[in-house]
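Read the structure below first, then the notes.
This structure is a prediction, so every number in the text was calculated from the model and none was measured. Naming: A, B, ... by sequence-line order, numbering from 1 per chain.
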Number of protein chains: 2
Amino acid sequence: MARARTSSGRVRLTEVAKLAGVSPITASRFFRNPEALSPGKRERVENAARQLGYVPDLAARALASRRTEVIGVLIPSFTNNVFSDVLRGIYDGSAESRYSIQLVNTHYSILQEEKLLQLFKAQRPAGLVVTGINQTDESRAILESMNCPIVQIMELGPEPIDMMVGFSHNDAAFAVISHLIELNFKRIGFLGARMDPRVQRRLEGYTDAMKRASLYDPRLIIATPVPTSVTMGGTLFADLLMKAPDIDAVFCVNDDLALGTLFECQRRQIQVPEDIAIVGFNDLEYMASAVPPLTSVRTNRYDMGRTAITMTMDAIEGRRPATPVIDLGYELIIRRSSAPRRL
Amino acid sequence: MARARTSSGRVRLTEVAKLAGVSPITASRFFRNPEALSPGKRERVENAARQLGYVPDLAARALASRRTEVIGVLIPSFTNNVFSDVLRGIYDGSAESRYSIQLVNTHYSILQEEKLLQLFKAQRPAGLVVTGINQTDESRAILESMNCPIVQIMELGPEPIDMMVGFSHNDAAFAVISHLIELNFKRIGFLGARMDPRVQRRLEGYTDAMKRASLYDPRLIIATPVPTSVTMGGTLFADLLMKAPDIDAVFCVNDDLALGTLFECQRRQIQVPEDIAIVGFNDLEYMASAVPPLTSVRTNRYDMGRTAITMTMDAIEGRRPATPVIDLGYELIIRRSSAPRRL
DNA sequence: ATGATTATTGACAGCGCTACCACCGCATTG
DNA sequence: CAATGCGGTGGTAGCGCTGTCAATAATCAT
């Protein structure tokens with residue numbers, strides 16, 4: 001019985017198959033695994049599809065194959081410049097592929113993350129990219145039950161759920177402080193905002209390095225759960241100056257705080273680095289332009305996104321990486337804001 | 001004949017219907033239009049769904065209903081802070097809804113945009129949010145044929161494809177220059193990078209205001225297609241100083257350029273605003289913190305995203321807005337960097 | 001009271017694609 | 001020469017849901 005519903009004018013696989021003189025199944029195979037066809041038919045299907053302008057219906061494909069070509073990405077913030085670079089890597093890396101990205105914002109909440117994972121599970125994504133390694137037990141259980149490639153990004157840890165791309169925030173912070181200590185700085189302050197897991201680990205790196213040099217003093221540490229900003233950098237720095245007027249250097253957990261600190265120094269006529277050295281984290285573009293140029297830790301954010309999404313896609317297609325955990329490292333970029341103290 | 005394929009353990013609508021003692025159709029209706037059910041059955045279906053933990057299969061729904069619950073969003077850049085705020089608005093606005101966002105990056109290319117629209121068309125999105133009003137004729141044709149709500153964001157124009165949320169970049173730039181002229185600045189430079197359509201319109205506003213005051217001089221204009229950055233701000237400003245050493249103010253088309261200009265002034269010991277005034281655009285958070293605080297144009301980026309996605313969702317559900325074009329305006333935030341010249 | 005209208009509900013028939021299995025024909029093997 | 005294997009192909013039968021429309025029950029106007 002002919003149905004009333006119009007067929008939406010869409011070209012279907014059946015039409016392609018008919019034009020190519022093959023069965024719909026063969027045509028279908030052409031799109032998923034062209035190698036399986038004999039060269040002759042492969043070409044015939046290819047031509048027919050092009051001629052008719054065929055575009056596969058993703059919903060039908062998902063329904064019939066019981067899997068999607070969607071990769072879920074969980075990010076804690078859209079505002080943070082760090083993540084915009086990661087996202088650019090993810091989107092660039094997947095742009096020419098068959099996969100589409102489903103992006104969600106956890107707003108730095110692991111409970112929100114859990115809820116979003118639950119939602120993702122119902123959609124059976126082909127793969128998943130999640131930020132950090134501090135998932136709730138529940139989240140981990142969901143992830144493990146999902147039976148798809150999963151990449152944790154931004155940091156490294158001992159127990160990957162599946163794969164990992166990141167670097168050691170602890171080590172990076174340790175390297176920063178070691179650098180300052182080598183340069184004979186002694187009263188090195190710590191400025192932290194938001195205090196998400198990555199920032200916590202930077203604090204650990206700071207603490208380790210300070211303790212090892214017997215320079216540790218809790219009064220040097222200013223940390224707030226409030227979101228980070230340039231303005232907040234100035235505020236925290238002012239706070240630090242009050243609590244420890246004798247500081248000779250400041251390690252800011254990100255570049256915005258460092259810039260805010262620089263501005264506050266300018267406001268108070270504090271010479272950088274003569275009076276106080278400043279080091280940031282992430283090496284955003286503006287750090288090199290500041291007056292004086294600001295020392296920072298370069299992190300490979302774009303590569304992190306790009307590597308993560310490539311690993312995910314490869315794993316979906318059965319090409320699992322030789323090493324499931326990739327350390328993208330960091331690089332201390334030394335600029336004038338941490339110039340040697342007194343030679 | 002029973003099929004071998006396992007049913008993936010997923011709860012189906014049929015099971016919910018069985019438990020509730022209704023037909024699958026009735027259960028289906030519950031999820032799309034609960035009002036249509038009698039209160040008794042509504043409750044029974046609701047309980048059954050909760051009890052079984054039912055989650056609808058989106059692929060099956062999309063296939064059967066021939067429409068999706070996906071809203072496509074086309075953005076020209078992920079790096080630009082402006083868009084991260086817009087995106088945040090879009091994602092926040094859609095977070096609790098049934099719609100999911102499909103984000104793509106056009107990399108400021110209208111050809112890329114056209115290609116991506118073609119891809120979107122094949123997926124029959126429920127709605128679309130596109131950046132700007134400079135689509136190619138082909139893109140416009142695709143958009144018009146798509147038969148779904150479309151919101152153009154970031155700027156305003158005379159011929160909306162469907163709906164629009166934005167503000168006049170031309171007017172905003174005109175207001176900036178008028179402000180500077182009122183303050184007796186005369187040799188006002190223009191610094192522009194990337195020169196995308198929005199920036200072009202800011203240049204037009206600048207040009208109009210300068211001509212009207214008989215202050216126009218093409219040597220005051222420095223523009224490059226190269227992407228924008230803080231460093232680029234310094235470079236362009238240096239270039240401007242060379243071509244027009246007598247400038248007394250600079251209008252930068254965005255805040256990064258303004259910050260770069262400020263740094264360059266600091267480097268050259270140029271007093272701001274005594275020697276040269278600086279104005280930026282967008283009023284990013286750091287503008288208020290800089291030394292001196294930098295004048296800028298506040299734009300409602302988050303609201304723009306949020307309004308656009310709300311309008312889209314409303315229109316999808318048949319609630320078309322009273323006014324299809326919404327002007328979110330701008331606000332000139334005057335700070336010390338454009339303090340009055342000589343009183 | 002009677003037909004007409006409206007609110008609820010269900011049966012049917014797919015949406016466009018692919019998993020599964022069977023089959024064909026050719027080459028290889030003992 | 002039969003048995004075996006295998007690349008290539010097609011038929012069948014849905015994936016889980018909803019559009020259409022008809023049937024029924026409830027309500028209304030005249």
Side-chain angles (χ1 to χ4, degrees), chain A residues 1-45 48-49 52-69 98 122-124 126, chain B residues 1-45 48-49 52-69 98 122-124 126:
Chain A
M1 187 135 307
R3 55 193 307 178
R5 235 194 265 187
T6 56
S7 172
S8 80
R10 210 186 157 87
V11 180
R12 269 162 299 159
L13 188 58
T14 322
E15 274 116 71
V16 176
K18 199 172 292 171
L19 181 62
V22 300
S23 74
I25 301 319
T26 303
S28 165
R29 265 192 282 263
F30 168 76
F31 292 100
R32 285 168 306 122
N33 183 17
E35 318 302 311
L37 299 207
S38 61
K41 303 217 168 178
R42 192 185 314 161
E43 198 171 330
R44 293 224 306 276
V45 176
L52 296 172
Y54 171 74
V55 183
D57 184 307
L58 298 165
R61 178 179 284 178
L63 181 58
S65 67
R66 298 136 137 281
R67 69 178 115 77
T68 62
E69 283 167 353
R98 61 201 300 187
Q123 297 186 238
R124 275 175 266 165
Chain B
M1 189 131 305
R3 57 192 303 177
R5 236 195 263 187
T6 56
S7 168
S8 80
R10 207 188 159 89
V11 181
R12 268 162 301 159
L13 188 57
T14 322
E15 274 115 70
V16 176
K18 200 172 290 170
L19 181 62
V22 299
S23 74
I25 304 319
T26 304
S28 165
R29 266 192 282 265
F30 168 76
F31 292 99
R32 286 169 303 124
N33 183 18
E35 318 302 311
L37 298 208
S38 62
K41 302 217 167 176
R42 192 184 315 162
E43 199 172 329
R44 293 224 307 277
V45 175
L52 295 173
Y54 171 73
V55 184
D57 184 307
L58 298 166
R61 179 179 282 178
L63 181 58
S65 68
R66 298 131 138 284
R67 70 179 123 75
T68 63
E69 285 167 352
R98 63 201 298 189
Q123 297 187 239
R124 278 175 259 157

Is R66(A) near enough to dG16(D) that one of its side-chain N or O atoms lies under 4.0 angstrom from OP1 or OP2? yes
Just wondering, do D57(B) and R61(B) contact through their side chains at under 4.5 Å, heavy atoms? no
Indicate whether OP1 or OP2 belonging to dT9(D) is found under 4.0 Å from a side-chain N or O atom of K41(A). yes
Can you check the R29(B) CZ to dG16(D) P distance for me, whole Å? 21 Å
Taking atom C1' of dG16(D) as reference, at what distance in whole Å does atom CG of L63(A) sit? 6 Å
If you look at every strand shown and take non-hydrogen atoms under 4.0 Å, does A62(A) touch a base, only sugar-phosphate, or nothing? nothing
Indicate whether OP1 or OP2 belonging to dT18(D) is found under 4.0 Å from a side-chain N or O atom of S28(B). yes
Is there a side-chain contact between R67(A) and the phosphate of dA19(C), meaning an N or O under 4.0 Å from OP1 or OP2? yes
Tell me which of I25(A) and P39(A) sits closer to the 5' end of DNA chain D, going by the nucleotide each one is nearest to. P39(A)
What is the nucleic acid contact for Y54(B), judged by heavy atoms within less than 4.0 Å: base, sugar-phosphate only, or nothing? sugar-phosphate
Would you say S65(A) reaches dT18(C)'s phosphate, i.e. side-chain N/O to OP1/OP2 under 4.0 Å? no
Residue R61(A), side-chain heavy atoms: nucleotide from dG10(C), dT18(C), dC15(D) that is nearest: dT18(C)
dC15(D) P sits how many Å from L13(B) CG, rounded? 14 Å
Would you mind classifying the nucleic acid contact of R42(B) as base, sugar-phosphate or nothing, using non-hydrogen atoms under 4.0 angstrom? nothing
As a quick check of understanding, evaluate side chain to side chain contact (heavy atoms under 4.5 Å, CB included) for Q123(A) and T68(A), giving each step before the final call. CA-CA 8 Å; Q123(A) 297 186 238; T68(A) 62; 5.7 Å; no
Quiz question: by atom type and distance under 3.5 Å, do the side chains of R32(B) and S28(B) form a donor-acceptor pair? yes
Can the ring centres of Y54(B) and F30(B) be said to be less than 6.0 Å apart? no
Can you check whether S38(A) has a side-chain N or O nearer than 4.0 Å to OP1 or OP2 of dT9(D)? yes
Output yes when at least one side-chain N/O atom of R12(A) is less than 4.0 Å from OP1 or OP2 of dG16(C), else no. yes
Between dC17(D) atom C1' and E15(B) atom CD, what is the distance in whole Å? 13 Å
With the side chain defined as heavy atoms from C-beta on, V22(A) is closest, among dT9(C), dT18(D), dG10(D), to dG10(D)
Give a yes or no on whether a salt bridge exists between R12(B) and E15(B), defined as a side-chain N under 4.0 angstrom from a carboxylate O. yes
When rounded to whole Å, the CD to C1' distance for the pair E69(B) and dT18(D) reads 12 Å
Search all heavy atoms of V45(A) against all heavy atoms of V22(A) and return the closest pair with its distance. CG2-CG2, 3.9 Å
Could you tell me how far apart F30(A) (CZ) and dT18(C) (C1') are, to the nearest whole angstrom? 17 Å
Quick one: is dG19(D) close enough that its OP1 or OP2 comes under 4.0 Å of any side-chain N or O from R32(B)? yes
Protein-nucleotide distance (K18(A), atom NZ; dG16(C), atom P), rounded to Å: 13 Å
Rounded to whole Å, CZ of R124(B) lies from C1' of dT18(D) at a distance of 14 Å
